[in-house]
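Note on naming: letters A, B, ... go to the chains in the order of the sequence lines (proteins, then strands), and numbering restarts at 1 for each one.
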2 protein chains.
Amino acid sequence: MLKKVTMADVAKLANVSKSTVSQYLNKRYEYMSEETRKRIAEAIEELGYQPNVIARSLKQKTTATIGVIVFNMLHMLTTQVLHAIEEECQKRGFQVIVSNSGDDPEKEKTYIEMLLAKQVDGLIVFPTGKNEDVYQRLAAERFPLVFVDRMVPGVEADSVLLDNFGAAEMAVDYLATGGYDRIAIVTPPLVAHNVPRMERMEGFRAAMAKRGFDIDDRNVIAADPAVLPRELKKRFAESHRPNALFAINDLTLMGVLRFVRENAIRMPDELALINIDDVPFADIYTPALTTIAQPTFAMGKKAAEQVFLQIDRKRSGKPHVFRFSPILKERTSIRREKA
Amino acid sequence: MLKKVTMADVAKLANVSKSTVSQYLNKRYEYMSEETRKRIAEAIEELGYQPNVIARSLKQKTTATIGVIVFNMLHMLTTQVLHAIEEECQKRGFQVIVSNSGDDPEKEKTYIEMLLAKQVDGLIVFPTGKNEDVYQRLAAERFPLVFVDRMVPGVEADSVLLDNFGAAEMAVDYLATGGYDRIAIVTPPLVAHNVPRMERMEGFRAAMAKRGFDIDDRNVIAADPAVLPRELKKRFAESHRPNALFAINDLTLMGVLRFVRENAIRMPDELALINIDDVPFADIYTPALTTIAQPTFAMGKKAAEQVFLQIDRKRSGKPHVFRFSPILKERTSIRREKA
DNA sequence: TTGTAGGCGTTATCAG
DNA sequence: CTGATAACGCCTACAA
């Protein structure tokens, strides 16, 4: 590791002082002779000098780094949002430290602290939702912070998320317009701190009520993906089986499709299906899946932009919750006329 | 931002010197009175002191950070390997800076340099393959470096990749055993610096030869995923259409499936299909897709372990290329008896 | 236009 | 057992 080349070495070789080299590096060559400028450039070249960003950071108290904490790296939404964040950061010369909390609040807390110790300039968090005190502290310090995908009620921070309520309404409306009347919602277990899940549920209820459909309790199918096929099978063995399913996310969708496959249920004839999250295989599946996409790229970009605004201390005032509109992807897992 | 609490403050409040506080922080309390220990602990607590990792790094020349450069963040393999890397790093208290090169060598070079300037302790690279000089420099400096997914011939660095040759053989063997005799390979355009692609092609040729099958040139279908359906259609309009397809990766698979769907080709009756990369929808597809999985998690773990070995200067000697065995996932897109 | 000196927050060395 | 003091590599007045 010949990483020993320092500013001093360059200065010596170029016969100038360290400060002059520093000026040069920061492109302040207004008052610098063409001559010395060249000498420094050569010295740098010759030694293969690379400035030590750490030293700079220590002085400037800024690291050109932001921390991102996600709760599930393998989730497609995460990947896509992350991609957009990274891209936005590249434009600003920032880099991204990624940590995976696995939805474990303890871990999340630890990582937030590690990231702060590393002096990241900002934080984008897909929050577990269970570390309100930590979030509050950050908000109080006005540390640049943006929540993504989920928000945390009571914490004043910029948040970027889907219009979940609207997405659920969209699902119901689309199914209803197609003539389907026995609509069931399929979701992971409902827990209060999971805001999007609750919002989707509420949107569903509201849209059903608006249509004058009553909600059979048996048509709220809440189960972990692993046991979902079994639960569905149970429900479908009962009376008044649903003729349309709304899966609130991609994981749930997988459970539904497994059920459909195992029981040789014909779509869309026997059953219509719509879900949130535009999975990559949606249009090569048979039938092609009608889905509700999240604008993941726009969301990631916005999240990054907001941290940067905060870093630049340019935020207008109060934190804002940015709601992104869901996008209907019409395909063929739903007929447009009632059976 | 009340981030002004420094070691000096703690020292003052606890009535000791900075050095003592430092000892404490580094858990060297062997020769420290119970008394002072407690006082320091209290002071830290009271001030909410958080050590500044940047300052520590400057002194110790170590950052507990590794850089990962991938060429496509959205690729599933990338996500999964990344996940494993991150997990392994967590165990060691390391963090991960992720950059996306988009397979652009210029960007890759820039990021490598930025990461080095940030004093990362090691680098894991999914290489574009076109920056040999940069890789060489790193190797020469013995900077901790591991390549993943692709390797770079001529550069002496640990590399973690699939046994691509073996995977292609596996595909051919499985199809041949099922009685299929007109096997075509479907791949993105072949370019020399893309090692895995070439290796898979070679494995295919070798396995075909071994079986005594000759390879009709028209059965090497090389095209970008976007135009693949068209190319396939063209081929299938000709004589001696293939009765089995081997897609060398998931992107290619998507193209094949689109073709299959658009032309209502029945699998496995008219056409058998196998591919590398165990896509998440493989077993909910109809027919369930027989695939060859990469042990992505093990690969990521190994990559991380190898950088750490290098960081700890414990590497045995010469760099090593780690080949991971493909895993056959038998499903139903191939019949076991010949048509 | 360039150089000197001091400091950023830690750790390391060596006295005391 | 504890405390000066000097680095680490860079930036920034202020001097020259």
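Rounded to whole angstrom, the span from the CD atom of A:Gln50 across to the P atom of D:dC8 amounts to 20 Å. Regarding A:Ile54, its CD1 atom lies at a distance of 13 Å from the P atom of D:dC11, rounded to whole Å. If you take CZ of B:Arg39 and P of D:dC1, they are 14 Å apart, rounded to a whole angstrom. Atom-to-atom, CD of A:Gln23 to P of D:dA13 comes out at 10 Å; the value is rounded to the nearest Å. Here the P atom of nucleotide C:dG9 and the CG atom of B:Asp9 are 9 Å apart, to the nearest Å. Counting to the nearest Å, the P atom of D:dC1 and the CD1 atom of B:Ile40 are 13 Å from each other. Straight-line distance from the CD atom of A:Gln60 to the C1' atom of D:dC10: 9 Å, rounded to whole Å. At whole-Å resolution of the value, CE in B:Met7 and C1' in C:dT10 are 6 Å apart.
Ion pair B:Glu88/B:Lys91 flagged as a salt bridge, since at least one NZ, NE, NH1 or NH2 atom sits closer than 4.0 Å to an Asp/Glu carboxylate oxygen.
None of A:Thr20, A:Asn15, A:Leu13, A:Leu25 except one satisfies the side-chain contact (heavy atoms from CB on, under 4.5 Å) rule with A:Ile40; the exception is A:Thr20.
Donor-acceptor pairing under 3.5 Å, judged by distance alone, is absent between the side chain of B:Lys59 and the base of C:dA12. Looking at B:Lys18, its side chain comes within 3.5 Å of the base of C:dT10 through a donor and an acceptor atom. Interface remark: the A:Ser33 side chain does not form any donor-acceptor pair with the C:dT2 base, using a distance-only criterion of under 3.5 Å.
Looking at B:Cys89 and B:Ile85, their side chains come closer than 4.5 Å, going by heavy atoms from C-beta outward.
The 5' end of DNA chain D is approached more closely, in terms of each residue's nearest nucleotide, by B:Asn15 than by the other of B:Asn15 and A:Asn52.
From B:Ile97, atom CD1 reaches atom NZ of A:Lys118 across 7.5 Å, with rounding to the nearest 0.5 Å.
Here the side chain of B:Leu58 is nearest to one of D:dC11, D:dC8, D:dT2, namely D:dC8. Side-chain proximity of A:Ser19 to the nucleotides D:dA13, D:dT2, D:dC11 is greatest for D:dA13. The side chain of B:Lys61 lies closest to D:dC8, out of D:dC8, C:dG3, D:dC11. The side chain of B:Ser17 approaches D:dG3 more closely than any other nucleotide in the set C:dT4, D:dG9, D:dG3.
At the phosphate of D:dC11, neither OP1 nor OP2 sits under 4.0 Å from any side-chain N or O atom of A:Tyr24. Taking 4.0 angstrom as the limit, B:Ser22 places none of its side-chain polar atoms (N or O) nearer than this to OP1 or OP2 of C:dT10.
Using cut-offs of 30° and 60° for the angle between ring planes, the A:Phe297 and A:His83 rings count as tilted.
Within 4.0 Å (heavy atoms only), A:Thr36 reaches sugar-phosphate atoms of the nucleic acid but no base atom.
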